[in-house]
Amino acid sequence: MSRFGNLGHRLYVGDVSFDFVGRRKLWLAISGVILLLAIVGLSVRGLNLGIEFKGGEIYTISKPGLTVSQAQDASNKLTNSSNTIVQSQTSGTGGKEITVQINSNANVSVTTARSELGQQLGVNSQDINTQVIGASWGKEISQKALEGLIVFLVLVTLYLAFAFEWRLALGALTALLHDLVITIGIYALLGFTVSSGTVIGFLTILGYSLYDTVVVFDGLKDATKKLDVQSRETYSEAANRALNGTLVRSVNTTVLALLPVAGLLFIGGAMLGAGTLNDISLALFIGLSAGAYSSICVATPMVSWLKEKEPQNIALTKKVNQRRAAEAKAVAEGRTVEPQPGDDPSESEDEGDSGDAVGANSGGVVGTGVRRQPVSRSRSDRRSTGKRS
């Protein structure tokens, strides 16, 4: 077994544990700083919207040996660089071609732009392919994306509230919005262009982030199913145990999802010049990385914080603290602490089978059935005095 696989097994059985839930204030501080930077970037710099949202023209130039820098210099003479985007991409025949995007704010006519670009780049202006895009198309895309986002969030909330409960639904929605704001904020801070492909990437992020969060919540639901019949651990501790049990799976899922996205981004985009793929993969790469962090460090700690405020979990925490104080006192006095019903988490799933189940407050015997215990404890558990001989 590999070292990483062995670590995964030890995390699953509880031999090793990272206190993610207990450090929720640290994760809150980290997320707060990142979100603050993202909001500042959106407020100060704003998004660098592509030509699909502003309107303008796309000029496609096919010339052997033509570079992006040469086309950028030529377009800058027409207008400043903030109004132009120059990219290299692969044509349908497999050759290289340069696209020059000039948005409508530049106030340059199509005839003037084709003439100037052709003259400076040494190509016939008639050979420059021109595509005019109106701003209304981008507005429609934005509206449809917003509608899709709202419908998605509503359906997700209903599903999570039905499959789990409203607190887990709130934690998942917080993680989703966390990922979306961070991704958009990074685009604003670094000045990445937002295109129609970017919008597709933004919407795809939500599905990946939700999947990872649901995987964690499924383990959380199983781990906290019968906490009320024991006094060994609090809700937050059980949640942290469940989170560690699914940690390796979450990491593996994220890494496997990032590998093809990185291939699209660095090979398809950077080397082959696939513009639309580059826009989609860049949004996915940022969003998936943020989603892995939020599923582990945002969603579950937030759910634990909400659940710890429930009366039954407040009482459980008090009971656990009392038990630990009693155990510490017994150890100090040299006494042995007897095991209590529900101490072994594996027993809770077996209770209720074959007429051997007992209630949480029973003495261990119901009718003729005897409560199953590990062999090492069976004798002491059936003693009426609770003392060792």
Side-chain angles (χ1 to χ4, degrees), residues 12 20-21 24 27-28 31 144-183 200 202-230 233-254 257 284 287-288 290-317 345 348-353 357 360:
Y12 183 78
F20 292 105
V21 175
R24 55 178 164 242
W27 312 133
L28 177 63
S31 295
K144 294 296 183 182
L146 182 60
E147 292 174 357
L149 176 62
I150 294 174
V151 171
F152 175 83
L153 293 178
V154 170
L155 292 178
V156 164
T157 303
L158 293 176
Y159 166 75
L160 292 176
F162 176 77
F164 299 101
E165 61 168 296
W166 70 266
R167 294 174 183 83
L168 275 72
L170 181 60
L173 285 179
T174 302
L176 287 177
L177 296 176
H178 171 277
D179 302 339
L180 200 58
V181 172
I182 286 179
T183 306
I200 296 173
F202 285 165
L203 296 178
T204 308
I205 289 168
L206 303 178
Y208 276 104
S209 179
L210 179 65
Y211 169 77
D212 204 19
T213 303
V214 169
V215 168
V216 175
F217 281 179
D218 190 57
L220 174 63
K221 182 179 179 181
D222 290 338
T224 59
K225 188 180 299 182
K226 295 186 178 180
L227 282 181
D228 57 337
V229 300
Q230 55 85 52
E233 60 182 356
T234 65
Y235 185 95
S236 291
E237 291 167 347
N240 194 71
R241 173 168 56 84
L243 184 56
N244 278 271
T246 58
L247 178 62
V248 173
R249 179 179 176 181
S250 297
V251 171
N252 287 338
T253 301
T254 302
L284 286 177
L288 288 177
Y293 167 79
S294 67
S295 297
I296 297 172
C297 300
V298 175
T300 303
M302 180 178 180
V303 169
S304 300
W305 176 70
L306 292 173
K307 293 289 290 184
E308 287 286 3
K309 296 181 178 297
E310 291 183 327
Q312 63 268 28
N313 287 321
I314 293 176
L316 174 62
T317 301
S348 61
E349 297 298 328
D350 295 332
E351 292 180 13
D353 296 338

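Values below: all heavy atoms of this structure, side chains included; hydrogens, waters and symmetry mates excluded. Numbers here are sequence positions counted from 1.
Residues F217 and L168 approach most closely at CE1-O, 3.0 Å, considering heavy atoms. The minimum heavy-atom distance linking I182 with A290 is given by the pair CG2-CB, 4.3 Å. Residue D179 comes nearest to S294 through the heavy atom pair OD1-OG, 2.8 Å, listed as atom of the first residue, atom of the second, then distance. Scanning both residues, A223 and A242, for their nearest heavy atoms gives CB-CB, 3.6 Å.
Distance check, rounded to the nearest 0.5 Å: OG1 of T317 to OH of Y235 gives 11.5 Å. The structure places OG1 of T234 at 6.5 Å from CG of L316, a figure rounded to the nearest 0.5 Å.
Taking the ring pair (Phe, Tyr, Trp, His ring centres under 6.0 Å) definition, one finds that F202 meets it with Y187, sequence neighbours left out. Shown here are the side chain to side chain contact (heavy atoms under 4.5 Å, CB included) partners of W305, two or more places apart in sequence or in another chain: R24, K309. The side-chain hydrogen bond (donor to acceptor under 3.5 Å, both in side chains) test applied to S236 returns E308, not counting sequence neighbours.
Residue pairs meeting the side chain to side chain donor-acceptor pair (under 3.5 Å) criterion with at least one member in residues 160-171, sequence neighbours excluded: E165-R167, E165-K307, R167-E310.
Between the D218 side chain and the V214 main chain, no donor and acceptor come within less than 3.5 Å of each other. Y293 places a side-chain N or O within donor-acceptor distance of the main-chain N or O of W27, the cut-off being under 3.5 Å.
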The test is side chain to side chain contact (heavy atoms under 4.5 Å, CB included); show your working for I205 and L288 and say whether it passes. CA-CA 6 Å; I205 289 168; L288 288 177; 5.8 Å; no
All N/O donor-acceptor pairs, side-chain side in residues 295-304, below 3.5 Å, sequence neighbours left out:
{"unit_1": "S295", "atom_1": "OG", "unit_2": "T213", "atom_2": "OG1", "d": "3.1"}
{"unit_1": "S295", "atom_1": "OG", "unit_2": "G291", "atom_2": "O", "d": "2.9"}
{"unit_1": "S304", "atom_1": "OG", "unit_2": "T300", "atom_2": "O", "d": "3.0"}

Distance-only donor-acceptor pairs under 3.5 Å for side chains of residues 171-178, two or more places apart:
{"unit_1": "T174", "atom_1": "OG1", "unit_2": "L170", "atom_2": "O", "d": "2.8"}
{"unit_1": "H178", "atom_1": "NE2", "unit_2": "S31", "atom_2": "OG", "d": "3.3"}

List the atom pairs, donor and acceptor, that lie under 3.5 Å between side-chain atoms in residues 146-160 and the rest of the protein, sequence neighbours left out.
{"unit_1": "E147", "atom_1": "OE2", "unit_2": "Q143", "atom_2": "NE2", "d": "3.4"}
{"unit_1": "T157", "atom_1": "OG1", "unit_2": "L153", "atom_2": "O", "d": "2.7"}

